[in-house]
Protein chains: 2
Amino acid sequence: MLHILPVSEQPGLMRQTLTPQEQSADLTLEQLKQLVGLVDYDESNDPFPVTAMDAVVFVVGNATQAAQFYQLALGMDLVAYAGPETGVRDHKAFVLKSGSARFVFKGGVSPDSPLFDHHRRHGDGVVDLALEVPDVDKCIAHARKMGATILDEPHDVSDDNGIVRLAAIATYGETRHSLVDRSKYSGPYLPGFQAAQTWVSRPAGHPKRLFQAVDHCVGNVELGRMDEWVAFYNRVLGFVNMAEFIGGDIATDYSALMSKVVSNGNHRVKFPLNEPAVAKRKSQIDEYLEFYGGAGCQHIALATGDLLRTVDQLRANGVQFLTTPNSYYDDPKLRERIGKVRVPIE
Amino acid sequence: MLHILPVSEQPGLMRQTLTPQEQSADLTLEQLKQLVGLVDYDESNDPFPVTAMDAVVFVVGNATQAAQFYQLALGMDLVAYAGPETGVRDHKAFVLKSGSARFVFKGGVSPDSPLFDHHRRHGDGVVDLALEVPDVDKCIAHARKMGATILDEPHDVSDDNGIVRLAAIATYGETRHSLVDRSKYSGPYLPGFQAAQTWVSRPAGHPKRLFQAVDHCVGNVELGRMDEWVAFYNRVLGFVNMAEFIGGDIATDYSALMSKVVSNGNHRVKFPLNEPAVAKRKSQIDEYLEFYGGAGCQHIALATGDLLRTVDQLRANGVQFLTTPNSYYDDPKLRERIGKVRVPIE
């Protein structure tokens with residue numbers, strides 16, 4: 001459940017400002033409050049302040065094709081590239097944006113690239129839910145105290161466009177959270193990346209973009225481990241619990257799951273954590289764990305200001321959707337979850 | 001050089017007929033003569049009769065994405081599928097068509113799939129240039145006599161749609177030629193595949209298809225081995241030499257290559273074979289051999305009846321083209337290669 005709280009009613013809370021990503025995407029604070037449930041909060045008491053998602057980083061089998069696919073099918077714009085042409089020996093990486101959402105697609109080009117090991121174990125998948133933070137060192141110091149696995153110690157990387165401070169901690173499965181402070185950096189992504197341009201043309205009438213932001217990123221974890229990972233996000237990242245779906249909340253007769261949602265202080269970053277629940281047949285979460293080869297990021301939810309137009313265009317672009325059951329609109333409890341919408345629900 | 005020979009002037013030659021693939025794609029004999037240089041020839045003297053390309057089979061990192069990519073970018077239609085849902089344990093395969101051209105995209109879904117080994121060594125690449133033949137056993141008997149490596153002995157595979165007879169011989173690198181006799185089969189591809197439907201919508205005004213046939217498939221082989229592979233196609237597959245580009249024919253000051261083109265009797269199947277040639281810098285063929293990890297299929301040439309419209313649409317779909325140098329139109333020798341076209345060359 002997302003609560004949008006007017007600033008005036010929250011004495012003592014810091015007013016949220018737009019991130020540079022959001023500014024460059026022409027988003028307004030009002031839009032973000034509606035889109036992703038942005039709220040004001042007091043960052044000074046946060047032991048692990050997180051501003052926003054920095055990027056969702058995927059490892060894929062064919063990064064070039066993925067870059068074109070996400071331009072064609074998801075209407076994203078290419079903004080940066082690194083690869084053999086820019087001095088990277090063993091892989092390619094393409095950076096695409098839509099509003100404030102940033103996706104990075106990495107794929108091996110030399111057989112000795114370790115990216116191929118990840119691809120073989122998991123297929124195309126998310127390796128990094130990178131977080132934009134104002135103070136990498138403060139976050140890592142707190143994470144270490146709370147027992148997190150530090151994968152990369154804080155360090156600077158730099159080029160002509162400035163300095164980025166980076167570190168990384170481990171989360172479920174083979175997934176990591178890079179921590180990124182790019183406040184002293186003006187380049188298109190990270191040092192080593194070159195600016196790049198969208199190379200597809202969109203048909204007349206195609207919207208400028210199909211989504212504005214990442215709403216949430218879901219992690220699927222093993223049976224019995226959901227609460228452990230919720231506690232990890234509470235303890236290590238200072239995330240708060242936003243919602244939970246347990247027992248029969250998300251279940252058919254055949255497949256069921258349990259889910260708890262944690263979020264950062266300003267609610268820009270929301271991570272639902274799912275585990276399988278018992279039903280007549282195998283839980284969809286068990287199926288995921290079996291096919292993905294362990295815990296991992298199940299899906300990325302995208303926020304759009306015009307759901308109908310976006311879904312029509314995505315469908316035309318070949319993106320496949322599940323059928324929405326009628327109960328989603330008829331059942332009062334489910335209906336309530338939809339919240340206020342600007343179009344009639346028929 | 002392609003010669004289109006009127007049937008009436010070729011006494012004693014068998015009149016070519018349309019393959020079932022070509023018939024179902026609404027192609028005419030006249031079109032095919034123009035498009036791919038189809039000629040009449042006497043099949044009865046051919047020790048290894050080949051009717052046409054059956055399919056170009058790729059191994060890719062993400063078969064689902066490739067299937068959507070080739071629908072979106074190349075305007076192809078999905079016609080068949082095999083994967084976990086149809087009882088295949090470790091991989092997925094999507095079959096797409098455009099006119100008489102058939103592409104198959106296979107990708108591993110279980111880490112123990114050997115497709116991942118190929119993907120790691122080569123990236124997305126062609127594993128099989130499958131040939132439609134009227135008599136698999138006759139071809140294999142001849143190939144064996146001529147010293148070819150038989151990878152699969154002739155055998156039947158069948159389902160409710162009938163029987164397909166199959167075999168396979170090795171060619172350059174890790175590439176094979178499957179031999180396919182589907183004259184007793186009515187299914188969408190091979191036994192085990194289910195019919196499937198294109199899942200993208202094309203914008204209004206998008207042509208029904210962007211290409212009608214495969215014109216040729218180029219193999220890059222190691223320095224000094226071109227003539228050996230030309231001899232292989234002559235001796236084993238009874239292919240004839242159609243053209244050669246040696247010395248300065250295909251060269252800039254910096255990169256050069258040698259190429260000889262072999263084709264089957266009716267000229268539907270054309271295989272240029274390239275090897276590096278010496279120039280100031282590394283040959284583009286050497287670059288291919290280095291990045292692909294050995295000999296392999298370099299490119300697939302597609303035949304279209306409307307080059308301008310197809311190129312415009314492919315560009316809009318994000319397909320990137322090299323710039324054509326002016327000399328291609330100015331130099332009389334190069335200009336001659338273009339042949340007769342129906343649009344002014346400016």
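Owing to the predicted nature of the structure, the values given are computational and were not obtained by experimental measurement. Each chain gets a letter, A, B and so on, in the order the sequences are listed, and its residues count up from 1.
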Problem - Partner of A:Asp77 under salt bridge (charged side-chain N to carboxylate O under 4.0 Å, His left out), chosen from A:Arg209, A:Lys208, A:Lys97, A:Arg202 - result: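 Exactly one pass, corresponding to A:Arg202.
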Practice task
Check whether A:Gln65 gets within reach of chain B through its side chain, its backbone, both or neither, counting any heavy atom under 4.5 Å.
Solution key: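 Contact with chain B: backbone and side chain both.
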Handout entry: Side chain / backbone / both / neither for A:Arg121 at chain B, heavy atoms under 4.5 Å
Key =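 The answer is the backbone of A:Arg121.
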Practice task
Tell me, out of A:Arg315, A:Gln71, A:Gln320, A:His206, who's got the most heavy-atom pairs with chain B below 4.5 Å.
Solution key: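 The option with the most such pairs is A:Gln320.
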Practice task
Against chain B, work out which of A:Gly61, A:Ser201, A:Gly123, A:Gly293 has the most heavy-atom pairs shorter than 4.5 Å and name it.
Solution key: A:Ser201
Practice task
May I ask you to check whether A:Phe193 and A:Tyr81 place their ring centers less than 6.0 Å from one another?
Solution key: no
Practice task
Tell me whether the centres of the aromatic rings in B:Phe105 and B:Phe94 are closer together than 6.0 Å.
Solution key: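 Ring centres of B:Phe94 and B:Phe105 not closer than 6.0 Å.
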Exercise for the section: Answer with yes or no whether the side chains of B:Ser110 and B:Asp112 bring together a donor and an acceptor at under 3.5 Å. Expected result: yes
Practice task
Could you label the plane-to-plane angle of the A:Tyr292 and A:His118 rings as parallel, tilted or perpendicular, counting under 30° as parallel and over 60° as perpendicular?
Solution key: perpendicular
Practice task
Would you mind checking which part of B:Ser113 comes under 4.5 Å of any heavy atom in chain A, side chain (CB onward), backbone (N, CA, C, O), both or neither?
Solution key: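 Just the backbone, heavy atoms under 4.5 Å.
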Problem - Heavy-atom contact with chain A under 4.5 Å, split by part of B:Val319 - result: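 The answer is both parts of B:Val319.
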